[in-house]
Amino acid sequence: MESKPYGFYPLGWDVRILEKHGVQDLSGDVYKGKTLFEAAPDGERVLGYLPDDIDYANPNVGEDDSLGDMPQGDYITIPHMQWMYYLPRICNHCTYPACLGSCPRQSIYKRQEDGIVLLDQSRCRGYRECVRGCPYKKSFFNAVTRVSEKCIACYPAVENGFQTQCTQACIGKIRLQGFITTPDTMREDNPLDYIIHIAKIAKPLYAQFGLEPNVYYIPPVHVPPAFLKQMFGAHVPEAIATYRRASDDPKLLGALLLFGSTPRIIHRYKVENGLAIGYDEQGDEVSRVPLKEPIYVRPLYDERYGTYRSNIT
Ligand code: SF4
Ligand code: F3S
C-alpha cells in the first residue's frame with residue numbers, strides 16, 4: 001500500500017520508469033506510444049532499471065502527504081485543492097510479464113490454468129533481471145536467501161475456489177478477485193467482466209507499459225484528471241462519471257456490492273428482487289447482498305435503560 005502522489009516503494013519506482021520511458025503519444029483513444037518491450041535498448045528484453053538498496057530503506061516516505069498547502073486560516077472547499085489517495089499495489093500477474101521475459105534462467109512461469117505468475121526459487125540464481133524488468137517493482141531480491149521472490153496470488157486458495165488472502169482480509173471491502181475473460185468472450189454474468197469490460201469503470205495501472213496487468217483500479221473521484229490519466233489511461237473521466245451513476249445501473253451496483261461479501265471466488269452473479277447473488281464455479285450460491293441496506297430507526301429514548309440514544313439508525 002502506498003499513498004499518491006508522494007508515496008513510493010521502492011523510492012520513486014514509477015517516476016523513474018516513466019522518466020526512462022519518456023514522453024509517449026497518449027492523445028486520442030488509442031495509445032500510439034511504445035511498450036516497455038518495444039522501448040528496450042539493443043540487447044535487452046525490456047526497458048527497466050534496478051533500484052539501489054537504499055531505495056528500499058524508507059517504505060513510509062511520502063506517506064499520507066497531500067499535494068498542495070493548507071495556509072493558516074484556510075478551509076476546505078469542494079473540489080478539494082489538497083488531495084492524496086491510497087494505491088494498494090500488488091503483483092499484477094501480467095498477461096505479458098516483464099519479470100518472466102527478463103529472467104535469463106527461465107525461473108519464472110505463468111500458469112495456463114489461472115494466469116498466476118510464479119517464480120521457481122530452485123531455478124533462480126539471483127540475477128535480479130526480474131527486479132530490473134518489472135516496472136511495478138513487484139519481484140524482490142532476498143539478500144539473505146540470495147534468490148528472488150514475488151507474490152504467489154495465494155494459488156493454493158485459488159485452486160480451491162477461494163479468493164486471495166489480501167482480498168479476503170480487506171476490511172474496506174474494496175477488492176474482488178476472480179477471473180476475467182477477453183473482451184470478445186466476456187460474459188455479462190461475470191461480475192469482473194461487467195465492471196471491467198461492460199461498465200468500464202476499472203482500469204489497469206500504467207497500461208502504456210504494455211504488460212496487460214491484471215489488477216484493475218476504480219480511479220479515485222477527487223483527484224485531478226491529468227494525474228489519473230497518466231496512471232489509469234485516457235478514459236478515466238468516463239469511468240468516474242459511470243461510477244458516480246452506479247446506483248442507476250443495478251447490474252453494476254450489484255457487482256460492486258459483491259466486493260468483500262464472500263471468501264469464495266464468484267464465477268457468475270445475477271441481480272433480482274433487489275438482491276445481488278453470487279455463485280461459485282459449480283453454480284452453488286456463495287453470496288447474497290441487498291442492493292439497498294434496510295434502515296431501522298430506533299426510538300430516541302430507550303425505555304429499558306432509561307437513556308437517550310445518540311445514534312438512532
Ligand atoms: Fe511480473 Fe511485475 Fe507483472 Fe508481477 S507485476 S507479473 S512481478 S512483471
Ligand atoms: Fe531470474 Fe530473477 Fe532469479 S532474473 S534468476 S528469477 S533473480
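No experiment lies behind these values; they were computed from the predicted model shown. The first residue in the sequence is number 1, and the count goes up from there.
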Is there a side chain to side chain contact (heavy atoms under 4.5 Å, CB included) between Lys251 and Tyr269? Walk through the geometry before answering.
CA-CA 9 Å; Lys251 292 248 5 166; Tyr269 83 118; 3.4 Å; yes
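- For the pair Leu258/Val289, a side-chain contact is recorded, criterion being any heavy-atom separation below 4.5 Å from C-beta on.
- Remark: Ile174 CD1 to Phe259 CZ distance equals 8.5 Å, nearest 0.5 Å.
- For OH of Tyr217, the number of neighbouring non-hydrogen atoms (other residues, nucleotides, ligands) closer than 6.0 Å is greater than 12.
- Residue Glu38 qualifies as enclosed at atom CD: its count of foreign heavy atoms under 6.0 Å is above 12.
- No donor-acceptor pair under 3.5 Å is formed between the side chain of Gln163 and the backbone N or O of Gln168.
- Checked by atom type and distance alone, the side chain of Asp114 pairs as donor or acceptor with a backbone atom of Ile116 at under 3.5 Å.
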I would like to know whether Ile266 and Val286 meet side chain to side chain contact (heavy atoms under 4.5 Å, CB included); could you show each step before the answer?
CA-CA 7 Å; Ile266 298 172; Val286 289; 4.1 Å; yes
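- Two residues are said to be in side-chain contact when any heavy atoms from C-beta on lie closer than 4.5 Å; Asp120 and Ser122 meet this criterion.
- Nearest heavy-atom pair across Lys20 and Gly48 is CE-O, 3.2 Å.
- Between Asp14 and Lys4 there is a salt bridge, with a side-chain nitrogen of the basic residue lying less than 4.0 Å from a carboxylate oxygen of the acidic one.
- Here side-chain hydrogen bond (donor to acceptor under 3.5 Å, both in side chains) pairs that include residues 255-264, with residues two or more places apart or in two chains, are Ser261-Ser287.
- Asp65 and Ser3 form no side-chain donor-acceptor contact under 3.5 Å, judged by distance and modelled atom types alone.
- Nearest heavy-atom pair across Ile108 and Cys99 is CD1-O, 3.7 Å.
- Residue pairs that meet the ring-ring contact (aromatic ring centres under 6.0 Å, His included) test with at least one member in residues 84-139, sequence neighbours left out, do not exist here.
- For the pair Lys137 and Tyr56, the NZ or CZ position fails the cation-pi test of under 6.0 Å to the six-membered ring centre and within 45 degrees of the ring normal.
- Minimum interatomic distance between Val271 and Gly254 (heavy atoms only, all atoms of both residues): CG2-CA, 4.1 Å.
- Take Arg89 and apply the salt bridge (Lys or Arg N to Asp or Glu O under 4.0 Å) test, not counting sequence neighbours, and it matches Glu2.
- A donor-acceptor distance shorter than 3.5 angstrom exists from the side chain of Asp280 to the backbone of Asp284, with no hydrogens or angles considered.
- Taking the centre and axis of the six-membered ring of Tyr279, the NZ or CZ atom of Arg268 falls outside the cone set by 45° and 6.0 Å.
- When the shell of 6.0 Å around CG of Asp184 is examined, it contains more than 12 heavy atoms from other residues, nucleotides or ligands.
- For Cys166 against Arg175, the heavy-atom pair with the smallest separation is SG-NH1, 3.4 Å.
- Between Thr35 and Val46, every side-chain heavy-atom pair lies at or beyond the 4.5 Å cut-off.
- Smallest separation of non-hydrogen atoms from Ser148 and Ser139: CB-OG, 4.1 Å.
- Legend: side-chain hydrogen bond (donor to acceptor under 3.5 Å, both in side chains) pairs involving residues 295-306, not counting sequence neighbours, sorted by first then second residue: Asp302-Arg309.
- Taking 4.0 Å as the cut-off between side-chain N and carboxylate O, Arg132 and Glu129 count as a salt-bridged pair.
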Donor-acceptor contacts under 3.5 Å from residues 150-161 side chains, at least two apart:
| unit_1 | atom_1 | unit_2 | atom_2 | d |
| --- | --- | --- | --- | --- |
| Lys150 | NZ | Val117 | O | 2.7 |
| Glu159 | OE2 | Arg111 | NH1 | 3.0 |
| Glu159 | OE2 | Arg111 | NH2 | 3.1 |
| Asn160 | ND2 | Pro156 | O | 2.8 |

Check step by step if side chain to side chain contact (heavy atoms under 4.5 Å, CB included) holds for Thr164 and Ile90.
CA-CA 12 Å; Thr164 58; Ile90 59 172; over 6 Å; no
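- Here the side chains of Pro224 and Trp83 are in contact, with some heavy-atom distance below 4.5 Å.
- Looking only at side-chain heavy atoms (C-beta outward), Glu149 and Leu119 stay at 4.5 Å or farther from each other.
- The 12-atom threshold is exceeded at CG of Leu300, counting heavy atoms of other residues, nucleotides or ligands nearer than 6.0 Å.
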Could you walk me through whether Met84 and Asp64 pass the side chain to side chain contact (heavy atoms under 4.5 Å, CB included) test, one step at a time?
CA-CA 7 Å; Met84 52 77 69; Asp64 291 357; 3.6 Å; yes
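- Side-chain N or O atoms of Asn58 include none that pairs as donor or acceptor with a backbone N or O of Val61 at under 3.5 Å.
- By the salt bridge (Lys or Arg N to Asp or Glu O under 4.0 Å) test, Asp249 pairs with no residue at all, sequence neighbours left out.
- Between the side chain of Lys200 and the backbone N or O of His197 there is at least one donor-acceptor pair closer than 3.5 Å.
- Panel note: side chain Asn190, backbone Phe179; a donor-acceptor pair is recorded below 3.5 Å.
- Looking only at distances, no side-chain donor or acceptor of Asp55 sits under 3.5 Å from a matching main-chain atom of Leu11.
- Listed for the Thr185 side chain is no donor-acceptor partner under 3.5 Å among the backbone atoms of Thr181.
- In this structure, Phe209 and Pro135 approach most closely via the heavy-atom pair CD1-CB, 3.6 Å.
- Within the 3.5 Å criterion, the main-chain N or O of Lys34 finds a donor-acceptor partner in the side chain of His21.
- In this structure a side-chain-to-backbone donor-acceptor pair under 3.5 Å is missing from Arg45 to Gly133.
- Heavy atoms of other residues, nucleotides or ligands lying less than 6.0 angstrom from CD of Glu19 number 12 at most.
- Atom NZ of Lys110 has more than 12 heavy atoms from other residues, nucleotides or ligands within 6.0 Å.
- Both Met231 and Ile201 belong to a common hydrophobic cluster when Ile, Leu, Val, Met, Phe, Trp and Tyr are linked at side-chain heavy-atom distances under 4.5 angstrom.
- Ile17 and Phe37 fall within the same hydrophobic cluster, where Ile, Leu, Val, Met, Phe, Trp and Tyr residues are linked whenever their side-chain heavy atoms come under 4.5 Å apart, directly or through other members.
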